[in-house]
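Reviewing the structure listed below.
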Amino acid sequence: MIHTLFASRRPTLGVALLLTGVSAVTLSGCASDNKTAQDSPASAPRTGAPPQGVVTRAEADKILDHYQEVNNKANRSRDASVLATVEAGQLYARSKAGYEQFSTRSAKGKKALGEPFYYTKRSFYIPPKGDWFAAQAFTTGKNRTFMIFEKSADTDDSWKKVASLFPQKALPEPKTQDGLAATADAEATVGQLAPGGVTEAVEDLFASGGTKEGKKLSQSNKNAKSILATHKERGDSLGPQATVNFFPITPLHQKTYTLTTSSGVLVIAPLAHKQESLVKTPGLQITPGKSEAVYNRTPRSVVVDSFQGETVVHLPLQGKPEILDYGYAMVDSR
């Protein structure tokens, strides 16, 4: 990934509405099966040797070291093909978009991209079986990051990072037994929501302001309020001359990951939506902002921006789920 702390709120995209014979106006666009998870997985009696995980702690450390080395190398030269050897899914799409949009960054942002980063204070959450594991660390001692690495057909059968989040505070601690992390059924309801429903619930905050599936989420914490503000303010800068709406789209990598905690389940889920800006009056056009122009600089009556991202949400056994962090990047504009 481009190792900059992603602001939770989606970046605002500048566009301009062109009126024939009038000065340009600047705009800113910006199923559950009713199964219920238990408080914790049943503990099977231990027999023989300790269980082995997807990888060992030493192997996980080496995978993170390799990712760190290759990512730093890719960032120096902004080489997406190099980065593709250690990243996949929407995380790779976000990083690649950052390289593509490099010219739009501030001088400080351009300099920061080439500066190396290092993972410190590492911890790993390794399931007993499957094709993924989680890692938590600090980047050069400052920013807490929570990551998912996967080795599957979707990652070319290589260990690649597929999710990366930067929660501002410590996440609920995943439970372990014999050093291995306990996972949960993605379709089993935990409290008010199943892990597999997290993507739809979070995207509903953008699309409807949380009037549908988003009702199941806590809307009182900072992250939920930020998304709801984006929904509410989506058309403020355009006024009555155009509309802006969000529509869920299919994430590039659709897998949801779960880790059991003492009070519920920690869910790392994919996010994706498009932002559609549409003029209401014939003769008006939208001039793409700097980032949008990287993909299509032609003024047009409708601009559709595609966003890919991830979120980490805690599903408590009691109470409403909380969005602990989320991140997006615009990966295309048409």
Side-chain angles (χ1 to χ4, degrees), residues 1-7 53-102 105 108-127 130-152 154-168 170-171 174 179 181 252-253 255 257 259 266 268 270 308-312 325-329 331:
M1 64 178 292
I2 293 181
H3 214 86
T4 305
L5 181 62
F6 283 96
V54 174
V55 292
T56 66
R57 171 64 165 73
E59 288 169 339
D61 240 338
K62 289 182 179 180
I63 291 166
L64 191 54
D65 282 340
H66 179 64
Y67 174 81
Q68 174 182 278
E69 178 185 359
V70 175
N71 194 349
N72 279 323
K73 178 182 178 181
N75 284 350
R76 285 194 299 271
S77 58
R78 302 192 299 280
D79 191 332
S81 64
V82 171
L83 191 62
T85 65
V86 292
E87 278 189 6
Q90 54 267 28
L91 177 62
Y92 172 67
R94 289 204 282 149
S95 299
K96 181 172 179 286
Y99 292 163
E100 293 166 346
Q101 299 167 30
F102 179 79
R105 296 168 70 101
K108 183 178 180 181
K110 290 176 180 178
K111 180 180 177 182
L113 179 59
E115 294 174 349
F117 67 90
Y118 304 96
Y119 292 118
T120 64
K121 301 178 183 178
R122 302 174 177 189
S123 54
F124 297 94
Y125 305 99
I126 303 170
D131 57 9
W132 65 274
F133 67 89
Q136 183 169 252
F138 285 79
T139 56
T140 319
K142 295 181 180 180
N143 302 315
R144 178 184 289 105
T145 180
F146 194 83
M147 304 162 276
I148 300 292
F149 287 85
E150 180 178 325
K151 182 180 181 181
S152 69
D154 290 335
T155 65
D156 301 321
D157 292 316
S158 297
W159 284 110
K160 295 183 181 182
K161 192 200 280 193
V162 293
S164 185
L165 292 143
F166 292 86
Q168 295 300 299
L171 300 175
L252 291 173
H253 189 52
K255 189 167 182 176
Y257 310 86
L259 292 166
L266 201 61
I268 301 87
Q308 294 281 336
E310 307 105 48
T311 186
V312 56
D325 191 36
Y326 71 100
Y328 282 94
V331 301

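Treat the numbers as computed from the prediction; the structure is a model and nothing was measured.
From S152, atom OG reaches atom NZ of K160 across 9.5 Å, with rounding to the nearest 0.5 Å. Put simply, CZ on F146 and OG on S123 are 8.0 Å apart, with the number rounded to the nearest 0.5 Å. The line from OG of S95 to CG of N75 is 7.5 Å long, rounded to the nearest 0.5 Å. In this structure, NZ on K73 lies 12.0 Å from CG on L83, to the nearest 0.5 angstrom. With rounding to the nearest 0.5 angstrom, the NZ atom of K255 is 11.5 Å from the CD1 atom of I268. Note that OG1 of T145 is 8.5 Å distant from CD of Q136, once rounded to the nearest 0.5 Å.
Between F117 and Y119, the ring planes lie perpendicular to each other; the angle is over 60°, past the 30° to 60° tilted range.
Residues P167 and R144 are in side-chain contact: their nearest non-hydrogen atoms beyond the backbone lie under 4.5 Å apart. Counting heavy atoms from C-beta on, the side chains of M147 and L64 come closer than 4.5 Å.
Y92 contributes a side-chain N or O that, together with a main-chain N or O of A80, makes up a donor-acceptor pair within less than 3.5 Å. Between the side chain of D325 and the backbone N or O of F166 there is at least one donor-acceptor pair closer than 3.5 Å.
For K110, the NZ atom counts as densely surrounded, since its 6.0 Å shell holds more than 12 non-hydrogen atoms of other residues, nucleotides or ligands. No more than 12 heavy-atom neighbours from other residues, nucleotides or ligands sit within 6.0 angstrom of CD on E69.
Shown here for I126 and V54, the closest heavy-atom pair between the two residues is CG2-N, 3.6 Å. Smallest separation of non-hydrogen atoms from A88 and D154: CB-O, 4.2 Å. Shown here for P116 and N72, the closest heavy-atom pair between the two residues is CA-OD1, 3.3 Å. The minimum heavy-atom distance linking L266 with P174 is given by the pair CD2-CG, 4.4 Å. The two residues A60 and V55 make their nearest non-hydrogen contact at CB-CG2, 4.0 Å. Residues L259 and A181 come closest through the heavy atom pair CD2-CB, 3.7 Å.
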message: With salt bridge (Lys or Arg N to Asp or Glu O under 4.0 Å) as the criterion, how do D65 and R122 come out once you've worked through the C-alpha distance, each side chain's angles and the decisive distance to 0.1 Å?
response: CA-CA 11 Å; D65 282 340; R122 302 174 177 189; 2.7 Å; yes
- prompt: What's the verdict on salt bridge (Lys or Arg N to Asp or Glu O under 4.0 Å) for K151 and D157, showing C-alpha distance, side-chain angles and the deciding distance?
  reply: CA-CA 5 Å; K151 182 180 181 181; D157 292 316; over 6 Å; no
task: Begin from the C-alpha positions of V70 and H66 and carry the test side chain to side chain contact (heavy atoms under 4.5 Å, CB included) through to its verdict.
output: CA-CA 6 Å; V70 175; H66 179 64; 3.5 Å; yes
task: Using the side chain to side chain contact (heavy atoms under 4.5 Å, CB included) rule, take F124 and F133 through it: C-alpha gap first, then chi angles, then the decisive distance, then the call.
output: CA-CA 7 Å; F124 297 94; F133 67 89; 3.9 Å; yes
- request: Evaluate side chain to side chain contact (heavy atoms under 4.5 Å, CB included) for K161 paired with I148, printing each intermediate quantity in order.
  value: CA-CA 6 Å; K161 192 200 280 193; I148 300 292; over 6 Å; no
query: After noting the C-alpha distance and the side-chain angles of Y67 and W159, does the key distance pass the ring pair (Phe, Tyr, Trp, His ring centres under 6.0 Å) rule?
result: CA-CA 9 Å; Y67 174 81; W159 284 110; over 10 Å; no
Working for side chain to side chain contact (heavy atoms under 4.5 Å, CB included), residues E310 and L165: CA-CA 7 Å; E310 307 105 48; L165 292 143; 4.3 Å; yes
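Side-chain atoms of S158 and D156 include no donor-acceptor pair closer than 3.5 Å. With no hydrogens or angles considered, a side-chain donor-acceptor pair links E150 and Y257 at under 3.5 Å.
For an aromatic pair to be called close, the ring centres must be under 6.0 Å apart, and W132 with F149 fails this.
Judged as a side chain to side chain contact (heavy atoms under 4.5 Å, CB included), and not counting sequence neighbours, the contacts of T56 are A58, E59. Applying the side-chain hydrogen bond (donor to acceptor under 3.5 Å, both in side chains) criterion to R76, with sequence neighbours excluded, gives no partner residue. In this view, L252 and Q90, A93, Q308 satisfy the side chain to side chain contact (heavy atoms under 4.5 Å, CB included) rule, not counting sequence neighbours.
The cationic group of R78 lies under 6.0 Å from the six-membered ring centre of F102 and within 45° of the ring axis, placing it in a cation-pi geometry.
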